Amino acid sequence: VEQIVDINQRVVLNMKSESQIFNACKTVADYEKYKKLFPGVKYTSTVESKIENLEFSSCKTTQDCKKFKEKYPNTSLPIDNKWEDCYYNQCNTIELLNSYLKAYPNGRYKSKAEERIDLMEYEKCKTSQELRSYTINFPNGRYIYSAEERIDKYNFEACTSVEDYKGYIRKYPNGKFIYKAQ
């Protein structure tokens with residue numbers, strides 16, 4: 001029985017036409033198998049193009065892009081754009097985002113990189129002094145008002161004497177805690 005089933009399976013596979021096998025290809029490995037089965041036939045240039053497209057799509061890092069560029073130096077695919085995409089997507093620190101902005105001063109992700117830096121700088125502020133630095137370095141930052149509110153709160157919470165509260169009232173005449181300080 002095992003031999004009959006095996007024979008039937010081979011017969012079904014062998015009955016597939018070249019076109020059917022080609023149309024069933026989905027991965028680079030599938031196309032490589034096809035090339036071995038049908039060397040130098042009508043779909044050869046299409047197979048090479050499909051493999052190049054699949055390898056291009058699989059680029060996730062700048063190292064992948066470098067390998068792709070070395071393998072396909074004359075590619076018509078937008079590898080420089082893909083490289084920028086990968087570079088930006090690998091940026092997970094302020095330093096890396098700044099490196100991206102230096103490498104791509106007018107890049108497609110310039111605004112997003114600047115927004116992420118703004119957020120990361122704001123999120124790392126834990127003290128009133130750090131928040132003041134943030135407001136100086138990012139005067140038009142997205143979180144400027146939140147930073148100023150937090151500074152106001154820290155300064156109010158630091159008050160422990162009548163003189164401290166008077167100082168708070170002078171420094172923050174429109175502060176959120178002005179009535180409490182009074």
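This is a predicted model, so every value here is computed, not measured.
- Note on ring orientation: taking the six-membered ring where Trp is involved, the planes of F38 and Y34 are tilted (angle from 30° to 60°).
- If you run side-chain hydrogen bond (donor to acceptor under 3.5 Å, both in side chains) between E84 and each of Y100, Y104, Y109, only Y100 comes through.
- Among all heavy-atom pairs drawn from L131 and I151, the shortest one is CB-CG1, 3.5 Å.
- Taking both residues in full, the closest heavy atoms of T61 and Q90 are given as CB-NE2, 3.5 Å, listed atom of the first, atom of the second, then distance.
- In this structure, N155 and S128 have side chains that are in contact, with non-hydrogen atoms separated by less than 4.5 Å.
- Here the OH-OG distance, from Y134 to S146, works out to 8.0 Å after rounding to the nearest 0.5 Å.
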Evaluate the side-chain contact (heavy atoms from CB on, under 4.5 Å) criterion for residues M120 and K124: first the C-alpha distance (whole Å), next the side-chain angles of each, then the deciding distance (0.1 Å), finally the verdict.
CA-CA 6 Å; M120 293 167 106; K124 75 178 189 177; over 6 Å; no
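- Salt bridge present: E32 and K35 bring a charged side-chain N and a carboxylate O closer than 4.0 Å.
- Both tests pass for R150 against the ring of Y122: distance under 6.0 Å to the centre and angle within 45° of the axis.
- For K153, the side chain to side chain contact (heavy atoms under 4.5 Å, CB included) test picks out E157, F177, with sequence neighbours left out.
- Proximity of D80 to K69: side-chain heavy atoms (C-beta onward) are separated by under 4.5 Å at one or more points.
- Linking Ile, Leu, Val, Met, Phe, Trp and Tyr whenever their side-chain heavy atoms come within less than 4.5 Å leaves I144 and I136 in two separate clusters.
- Across all their heavy atoms, D64 and S58 have their closest contact at OD2-O, 3.9 Å.
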Please report the C-alpha distance between K82 and I79 in whole Å, then the side-chain angles of each, then the deciding distance to 0.1 Å, and finally whether the side-chain contact (heavy atoms from CB on, under 4.5 Å) criterion is met.
CA-CA 5 Å; K82 183 74 155 187; I79 188 62; 4.3 Å; yes
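- You'll find the side chain of Y143 stays beyond 4.5 Å of the side chain of E123, heavy atoms only.
- Closest heavy-atom contact between D164 and A158: OD2-O, 4.1 Å.
- Partner of Y72 under the side-chain hydrogen bond (donor to acceptor under 3.5 Å, both in side chains) criterion, out of K67, E55, E52: E55 alone.
- Clustering ILVMFWY residues whenever any of their side-chain heavy atoms sit less than 4.5 angstrom apart, transitively, puts L96 in a cluster other than the one holding W83.
- With contacts defined as side-chain heavy-atom distances shorter than 4.5 Å, the pair Y165/Q182 does not qualify.
- Here OH of Y31 is found 9.0 Å from OG1 of T46. Values are rounded to the nearest 0.5 Å.
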I'd like to know whether D152 forms a side-chain contact (heavy atoms from CB on, under 4.5 Å) with Y168, so could you lay out the CA-CA distance, the side-chain angles of the two residues, the decisive distance to 0.1 Å, and finally the verdict.
CA-CA 9 Å; D152 181 14; Y168 173 85; 2.2 Å; yes
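- The CZ atom of F156 sits 9.5 Å away from atom CD1 of I178, with the distance rounded to the nearest 0.5 Å.
- Annotation: the span from F56 atom CZ to C65 atom SG amounts to 7.5 Å, rounded to 0.5 Å.
- Taking every heavy atom of both residues into account, L101 and A113 meet most closely at CD2-CB, 3.8 Å.
- The neighbour count for K50 NZ, taken as heavy atoms of other residues, nucleotides or ligands under 6.0 Å away, does not exceed 12.
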Stepwise side-chain contact (heavy atoms from CB on, under 4.5 Å) test for I117 and E121
CA-CA 6 Å; I117 290 170; E121 287 287 355; 4.1 Å; yes
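- Note that CD1 of I51 and CG of D30 are 10.0 Å apart. Values are rounded to the nearest 0.5 Å.
- D118 places no side-chain N or O within 3.5 Å of a backbone atom of E114 that could act as its donor or acceptor partner.
- In this structure the side chain of F68 never reaches within 4.5 angstrom of the side chain of Q63, judged on heavy atoms.
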